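Keep in mind that the numbers below use all heavy atoms, side chains included, and drop hydrogens, waters and symmetry copies. This structure is a prediction, so every number in the text was calculated from the model and none was measured.
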Amino acid sequence: MASQQFLPLGVRTDGEGSALRYVYVKPHLQESEERPRAAFVVAIPARLSDITRLTEAFGSFGSVEQIAFHPSIKSSAIIMFTKQSGLAKLLKTATAGGSVNFPCDDDVEGNGLKGWLAEYQAMRPKPEVLQTQVDSWMREFEEEEERKRLERIRGVEEGGWVTVEAKGHKKTQVDPGNNFGGVSLAAAERRKQRSQPKFFEDLYRFQQKDRRLEGVLALRQRFKEDQDRITEIRRARRFNPY
């Protein structure tokens, strides 16, 4: 009874012909108890990892008073028997290498392979269900957009103005009769010019070539005019006494 090592206990969950699995048990000692009544059990099969099934399974050794699962690991638990004889019978069976049969209903959902399949299918709905969800989301989105559009139209029809002012902007007094909030006439003119459409010149390559040729010819013409002007100036400065 004083052994603190885990003892293997064979478990069959599908009757005599099923594969043998093992859980591992040992006494769970508490300082306040001279004769322990609790067992620490690990490697509990998923099909037994609920209080009702585990109570039925270990009830074959004695009346079970309480079961406490590990907070994050459902495969380990502390099982407290009503009497010390229940723990003694459990340890005796495990020491002798015995096994017990814990019949389980295969149709119970949420356990073993069927539980995993149900969880997988819940995470991946059928195309019909997914289409219904998408249609519902899109309908809600379109209704919200339509509501916002109607609110904007209603605001324009009521003749309301929406003024957006940044912090720190001061009003600019243009003249005694007109007061514009933070916008001068020069700034308004610049905005107007920026808002006008821009026309791109010399968009095509032949246009760019023609413009460069025109520039070269204009430079040559100005150079010739400058040469003629210089010649006239020099001729006028020549001294001719006769």
Side-chain angles (χ1 to χ4, degrees), residues 11-15 17-23 41-59 64 66-79 101-171 180-183 187-205:
V11 175
R12 297 183 189 274
T13 58
D14 296 316
S18 66
L20 184 65
R21 298 187 56 180
Y22 289 92
V23 297
V41 185
V42 298
I44 300 173
R47 302 168 70 181
L48 296 176
S49 58
D50 65 78
I51 293 178
T52 301
R53 289 180 172 274
L54 209 58
T55 300
E56 295 176 356
F58 283 85
V64 176
Q66 186 179 4
I67 294 178
F69 279 99
H70 190 280
S72 59
I73 304 175
K74 296 284 287 183
S75 61
S76 63
I78 296 175
I79 302 175
N101 295 325
F102 297 151
C104 294
D105 186 3
D106 289 337
D107 296 332
V108 176
E109 296 183 359
N111 291 309
L113 182 59
K114 288 192 175 182
W116 297 333
L117 288 175
E119 182 180 358
Y120 177 86
Q121 293 172 356
M123 293 173 60
R124 293 162 178 80
K126 294 182 178 180
E128 297 81 6
V129 177
L130 186 60
Q131 184 65 46
T132 302
Q133 293 178 352
V134 172
D135 292 342
S136 176
W137 294 337
M138 292 301 299
R139 184 166 52 253
E140 293 177 359
F141 174 77
E142 292 173 353
E143 292 175 356
E144 180 66 17
E145 290 296 313
E146 181 67 16
R147 184 186 63 80
K148 293 180 180 179
R149 188 183 68 84
L150 292 177
E151 288 181 356
R152 290 194 297 268
I153 295 175
R154 192 178 300 114
V156 172
E157 290 177 351
E158 292 174 357
W161 292 84
V162 180
T163 304
V164 179
E165 295 183 0
K167 276 190 174 181
H169 283 196
K170 298 181 180 179
K171 291 187 177 181
F180 298 89
V183 179
E189 186 64 24
R190 287 194 299 270
R191 292 183 182 178
K192 182 178 179 180
Q193 292 177 358
R194 286 198 300 266
S195 63
Q196 292 179 354
K198 296 182 180 179
F199 297 96
F200 296 95
E201 298 180 355
D202 301 338
L203 181 62
Y204 297 100
R205 184 171 297 179

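For Glu151 and Arg147, the salt-bridge test passes: some basic side-chain N is under 4.0 Å from an acidic carboxylate O. Arg53 has no carboxylate O lying under 4.0 Å from a charged side-chain N of Glu56, or vice versa, which leaves the two without a salt bridge.
Nearest heavy atoms, Val42 versus Ser76: CG1-CB, 3.9 Å.
Within the model, atoms CD1 of Ile44 and CD1 of Ile67 stand 8.0 Å from one another, a figure rounded to the nearest 0.5 Å. Expressed to the nearest 0.5 Å, how far CZ of Arg124 lies from CG of Leu130 amounts to 12.5 Å.
The side chain to side chain donor-acceptor pair (under 3.5 Å) pairs that include a residue from residues 132-142 are Gln131-Asp135, where partners are two or more places apart or lie in different chains.
Counting heavy-atom neighbours within 6.0 Å of Phe69 CZ, excluding the residue itself, gives a total above 12.
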